[in-house]
Amino acid sequence: MLKSKTITIAGGTGFLGQVLIEYLKTRVKHIYVLSRNYKPNSKQVTYLIWDGKSQGPWIAALESSEVLINLSGKSVDCRYTPKNKKAIIASRVASTRALGVAMHHCKTPPELWINASTGTIYEHSESTPMDENNGRLGNSFSEEVAKRWEKTFFDFYIKDVRQVAIRIAIVLGRKGGALQPIKAISKLGLGGQQGNGNQQISWLHEEDFARAVAFIITHPDQEGVFNLAAPLPIRNRHFMEKIRAILNVPLGINLPKPLLELGAALIKTETELLLKSRYVQPKRLLQAGFRHKFTSPELALKDLLT
Ligand SMILES: NC(=O)c1ccc[n+]([C@@H]2O[C@H](COP(=O)([O-])OP(=O)(O)OC[C@H]3O[C@@H](n4cnc5c(N)ncnc54)[C@H](OP(=O)(O)O)[C@@H]3O)[C@@H](O)[C@H]2O)c1
């Protein structure tokens, strides 16, 4: 069923886009990627220029695609200054809107539109699992970003188009994403707990991210909101212990909140990325029959770090 699909991925040049392309390129008919920069094409992948906010000749790619996936968005790994906050919101809302308008213009739009969202949409929770039905949405900046992103997406109604918002947990990858800087600081002996270490990390192995997207594509009865996370989160303290054990680094200096605040200001990021407790449950995926390949953090970390 995948073999017959042509897929357009907006924002496909980033970490998750490349993971998805690597997984899908031999399984689907063709992939178009919408990017703001020129990239060399390959046999399976054609890169097209767009600006992430307005219409252009790239709309032709949608006419010949069965699936549109939008992963565009300025990285949140920055200081939340007024300027950066504006850019974080605008890059998500404007790209989603540009794609929605383009879908309306298509004679035959893709039958499935998957739009990225984030597991960060749920409020800070150390012990209450948040699934798609009972999860409480938060009101902090990053939670508001996610809500506006999803609202923009679901405000579009395109006849006969299935819409799926994927609330993505922290994806653990070999070449990108959050695991790589954590690996680097752990090797320096700084891989102790961050903050009080009680915060839950909702995570997902990169291969399971790609498998979950493929699962959604091949299950035409599934639509709406999906949490893309491993079945169980892990507390920060235990996550760091496992990383140290796998890397064989006995020293793991703890990083209390005030020290993290200082470090984050120096390297121009926010501590929320490390300290917020995310307890996301992939209830709908599991109910629909998806089975993760990497169910335990140990399995995932061993696979990615060794
Ligand atoms: N990685 C995770 O663990 C994770 C977890 C939850 C949610 N997410 C969300 O999933 C999406 C993809 O994540 P990722 O890790 O692949 O991010 P990424 O590596 O930062 O890639 C995002 C892509 O978005 C495009 N982009 C950046 N600024 C843009 C703008 N102003 N307008 C239009 N496009 C812009 C870039 O493509 P070009 O430069 O080629 O245009 C970039 O390659 C993001 O929206 C992210 O918030 C990721």
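Numbering of residues begins at 1 and proceeds along the displayed sequence. Atom set for the values below is all heavy atoms of this structure, side chains included, hydrogens, waters and symmetry mates excluded.
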Subject >> Qualifying residues under ring-ring contact (aromatic ring centres under 6.0 Å, His included), relative to F290, sequence neighbours excluded >> reply: F215, H292

Subject >> Lys/Arg N to Asp/Glu carboxylate O, R162 vs E111, below 4.0 Å >> reply: no

Original post:
For F15, what residues pass the ring-ring contact (aromatic ring centres under 6.0 Å, His included) criterion, not counting sequence neighbours?
Top reply: none

Tell me which donor-acceptor pairs under 3.5 Å the side chains of residues 240-256 have, and how far apart each pair is, sequence neighbours excluded?
from : atom 1 : to   : atom 2 : distance (Å)
K242 : NZ     : E298 : OE2    : 3.4
R244 : NH1    : G191 : O      : 2.6
N254 : OD1    : Q193 : N      : 3.1

Original post:
Between E63 and K107, does a salt bridge (charged side-chain N to carboxylate O under 4.0 Å, His left out) hold up when you go through it step by step?
Top reply: CA-CA 7 Å; E63 292 280 9; K107 274 200 204 88; 5.5 Å; no

**OP:** Using a strict 4.0 Å threshold on nitrogen-to-oxygen distance, state whether E126 and R278 make a salt bridge.
**Re:** no

Original post:
Would you call K5 and E66 a salt bridge, using N to O less than 4.0 angstrom?
Top reply: no

Original post:
If you look only at pairs with a residue in residues 58-103, which of them pass as a ring-ring contact (aromatic ring centres under 6.0 Å, His included), with sequence neighbours excluded?
Top reply: W50-W58, Y80-F141

Original post:
Has the side chain of D51 got a donor or acceptor atom that lies under 3.5 Å from a matching backbone atom of K53?
Top reply: yes

**OP:** Among residues two or more places apart or on two chains, list those pairs meeting side chain to side chain donor-acceptor pair (under 3.5 Å) that have a residue in residues 210-221.
**Re:** D208-R211

Original post:
By ring-ring contact (aromatic ring centres under 6.0 Å, His included), which residues pair with H30, not counting sequence neighbours?
Top reply: Y32

Original post:
Given L228, which of T118, V213, V171 fulfils the side-chain contact (heavy atoms from CB on, under 4.5 Å) condition?
Top reply: V213

